[in-house]
Number of protein chains: 2
Amino acid sequence: MGDKYDSLKLGNQICFPLYATSRFITKLYTPLLKELDITYPQYLVLLSLWENEQLTVRAISEILFLESNTLTPLLKRMEKKGILIRKRSDEDERVVEVILTEKGWSIRDKAVCIPQQIVDSLSSSNLSREDIVHFKKTLDQLLPEVRQKAENIT
Amino acid sequence: MGDKYDSLKLGNQICFPLYATSRFITKLYTPLLKELDITYPQYLVLLSLWENEQLTVRAISEILFLESNTLTPLLKRMEKKGILIRKRSDEDERVVEVILTEKGWSIRDKAVCIPQQIVDSLSSSNLSREDIVHFKKTLDQLLPEVRQKAENIT
DNA sequence: TACATTTGTATCGTGCACGATTAAAACGTA
DNA sequence: TACGTTTTAATCGTGCACGATACAAATGTA
């Protein structure tokens, strides 16, 4: 049966487990990333830079879906740690180029084992490998959908 | 092919789309919740209180997986808005009971249409209803797993 | 009854997220 | 060449999250 407020029950929400799971997984990364002296969003910035050599703030923003008001202080903290440098473009003074230092590149070798460690953490008796693969596939379809809807708001 | 750093590519991560999707979905809620003058975490607190009449801080913490250092200021902001009251228990002075006011209850009727609006936003040509149902099922299995792993860290 | 331990909340400091706004540089066009 | 528009970062203010810690109330135990 159920009453007219059934839709408001926590167990019927899809957003809440998504939100909670995301937070827990970030927590799984924390001790691994702490050894590299970085946070999870900083790790994401490194992933994009390792893959693309050099990026503007705007490019990172488009890759990670983070606004400049989040990235600017985050990148400054990383610059302070000597992981990267920020440099205004010569051609266009509005653009800030983000370039990894030697230290920034060196973290890559220490980080390379992290994904496997996370996968090991996620492997369980309840969820098969196919479940996870299918889950990721759905997620990769869902992301552009919600992105488009969310960005249409503003 | 691929090199030894393949595991560090953003496209191969499962955490990143989860994290990004969660943020986008929260963003979908924002304009709807703004009309009720609440934020998404505050909405989650309301969901748990509507379902349970009255809860201690600790109980909310266990339901939403949020620590007291997150909940205390959040509940104080909600108290300031007149949505709820916080009251030390008579039996055990350490315990704080959280009780909805009339205003807190009245928000329920205005919120009841929100879940459907979010579902409508998520419905798309790419993802079928079964995809979403299966996705939620996997998510509900995954959550307790990562929760356990994450809480074992500390 | 003393005293160590546990429990429940709160405080503090740091780091995201993000809406709103600002400001400078580049561009378009009359 | 003037001037309005667009683009790109940065700034400001608010609200989470969370690790570490503090503190008082309750509990356990000698």
Side-chain angles (χ1 to χ4, degrees), chain A residues 16 19-31 33-34 37-45 55-62 64-81 83 86-98 147 150-151 153-154, chain B residues 16 19-31 33-34 37-45 55-62 64-81 83 86-98 147 150-151 153-154:
Chain A
F16 170 61
Y19 159 79
T21 302
S22 173
R23 279 167 38 226
F24 281 131
I25 293 189
T26 302
K27 230 170 180 170
L28 283 182
Y29 278 89
T30 304
L33 296 178
K34 192 162 196 177
D37 191 30
I38 54 176
T39 64
Y40 182 67
Q42 291 173 14
Y43 174 66
L44 293 181
V45 168
L55 292 168
T56 65
V57 171
R58 172 146 189 72
I60 298 175
S61 166
E62 277 168 0
L64 301 182
F65 315 116
L66 292 169
E67 301 300 319
S68 74
N69 50 9
T70 300
L71 285 175
T72 298
L74 192 156
L75 292 170
K76 283 185 178 175
R77 280 187 290 271
M78 294 180 80
E79 187 175 37
K80 202 182 236 172
K81 292 191 229 183
I83 294 171
R86 294 155 61 255
K87 175 179 162 302
R88 292 265 166 200
S89 163
D90 291 331
E91 301 93 60
D92 188 337
E93 288 274 339
R94 294 170 302 180
V95 174
V96 169
E97 302 278 0
V98 180
R147 181 200 169 190
E151 288 179 352
I153 289 172
T154 315
Chain B
F16 169 61
Y19 159 79
T21 302
S22 173
R23 281 167 36 227
F24 280 130
I25 293 189
T26 301
K27 229 168 181 171
L28 284 182
Y29 277 89
T30 305
L33 296 177
K34 193 162 194 175
D37 190 29
I38 53 175
T39 66
Y40 183 68
Q42 292 173 15
Y43 174 65
L44 293 181
V45 167
L55 292 168
T56 65
V57 171
R58 173 147 190 70
I60 298 175
S61 166
E62 279 168 359
L64 301 182
F65 314 117
L66 292 169
E67 302 300 319
S68 75
N69 50 10
T70 300
L71 286 174
T72 298
L74 192 156
L75 292 170
K76 282 184 176 176
R77 281 188 290 270
M78 294 180 79
E79 186 175 37
K80 204 182 235 173
K81 293 191 226 181
I83 295 172
R86 296 156 61 255
K87 175 179 161 302
R88 293 265 166 199
S89 162
D90 291 332
E91 302 93 59
D92 187 337
E93 288 273 338
R94 294 169 305 180
V95 175
V96 169
E97 303 278 359
V98 180
R147 181 199 169 192
E151 288 180 350
I153 288 171
T154 316

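Every chain is numbered from 1, with letters handed out A, B, ... down the list of sequences.
Between A:Tyr43 atom OH and C:dG15 atom C1' the separation is 19 Å, expressed in whole Å. Atom-to-atom, CD1 of A:Ile25 to C1' of D:dA17 comes out at 16 Å; the value is rounded to the nearest Å. The distance between atom CD of B:Glu79 and atom P of D:dG15, rounded to the nearest whole Å, is 15 Å. Taking atom NZ of B:Lys27 as the reference point, atom C1' of C:dG19 lies 9 Å away to the nearest angstrom. Atom CG of A:Leu66 and atom C1' of C:dC18 are 10 Å apart (whole Å). Remark: P of D:dT8 and CG of A:Leu75 are 16 Å apart, rounded to the nearest angstrom. Atom CD1 of A:Ile60 is separated from atom P of D:dA9 by 9 Å (rounded to the nearest Å). Look at CD on B:Glu62: it is 10 Å from P on C:dT9, rounded to the nearest Å.
Listed nucleotides C:dA10, D:dC16, C:dC18 differ in distance to B:Val57; the shortest reach to its side chain belongs to C:dA10. When the nucleotides C:dC16, C:dT9, C:dG19 are ranked by their closest atom to the side chain of B:Thr56, C:dT9 comes out on top. Closest to the A:Asn69 side chain, of the nucleotides D:dC16, C:dA20, C:dA17, is C:dA20. Distance from the side chain of B:Val95 is smallest for C:dT9 among the nucleotides D:dA10, D:dG19, C:dT9. With C:dA10, C:dG15, D:dA17 as the choices, the nucleotide that has an atom nearest any side-chain atom of A:Arg77 turns out to be C:dG15.
Within the structure, a side-chain polar atom (N or O) of A:Tyr19 is placed less than 4.0 Å from OP1 or OP2 of D:dA17. Listed pair A:Arg88 / D:dT8 fails the phosphate criterion, with no side-chain N or O lying under 4.0 Å from OP1 or OP2. Neither OP1 nor OP2 of D:dC16 sits under 4.0 Å from any side-chain N or O of A:Arg23. For C:dT14, neither phosphate oxygen OP1 nor OP2 lies less than 4.0 angstrom from any side-chain nitrogen or oxygen of A:Lys34. When the side-chain nitrogen and oxygen atoms of B:Thr39 are compared with OP1 and OP2 of D:dC16, one or more of them lie within a distance under 4.0 Å.
Nearest-nucleotide positions on DNA chain D place A:Arg86 closer to the 5' end than the other of B:Leu74 and A:Arg86.
The base of D:dA9 lies outside donor-acceptor range of the side chain of A:Thr72, with no N or O pair under 3.5 Å.
Judged as a salt bridge (Lys or Arg N to Asp or Glu O under 4.0 Å), not a single pair has a partner in residues 67-77 of chain A (not counting sequence neighbours).
The C1' atoms of five pairs define one axis at each end of the helix from C:dT1-D:dA30 to C:dA30-D:dT1, and these two axes lie 10° apart (to 10°).
Taking each heavy atom of B:Lys81 and B:Asp37 in turn, the nearest pair found is NZ-O, 2.9 Å. Closest approach of A:Leu33 and A:Tyr40 over heavy atoms only: CD1-CA, 3.6 Å. Nearest heavy atoms, B:Pro73 versus B:Ser68: CD-O, 4.2 Å.
The CG atom of B:Leu55 sits 8.5 Å away from atom CD of B:Glu97, with the distance rounded to the nearest 0.5 Å. Remark: B:Thr70 OG1 to B:Ile60 CD1 distance equals 12.5 Å, nearest 0.5 Å. Once rounded to the nearest 0.5 Å, the distance linking CD of A:Gln42 with CG of A:Leu75 reads 9.0 Å. With rounding to the nearest 0.5 angstrom, the CZ atom of A:Arg86 is 10.5 Å from the CG atom of A:Leu71.
Heavy atoms of B:Ser68 sit under 4.0 angstrom from at least one base atom. Looking at heavy-atom distances under 4.0 Å, A:Phe24 makes no contact with the nucleic acid at all. Residue-level contact check: A:Leu71 touches neither bases nor backbone, having no heavy atom under 4.0 Å from any strand.
Residues A:Phe16 and B:Phe65 meet the side-chain proximity criterion, which asks for heavy atoms closer than 4.5 Å.
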Which pairs, protein N/O on one side and nucleotides 25-29 of chain C N/O on the other, fall under 3.5 Å?
residue, atom, partner, partner atom, Å
C:dA26, OP1, A:Glu93, N, 3.1

Stepwise side chain to side chain contact (heavy atoms under 4.5 Å, CB included) check, A:Phe24 with A:Leu28: CA-CA 6 Å; A:Phe24 281 131; A:Leu28 283 182; 5.9 Å; no

Worked verdict on B:Leu66 versus A:Arg23 for side chain to side chain contact (heavy atoms under 4.5 Å, CB included): CA-CA 10 Å; B:Leu66 292 169; A:Arg23 279 167 38 226; 3.3 Å; yes

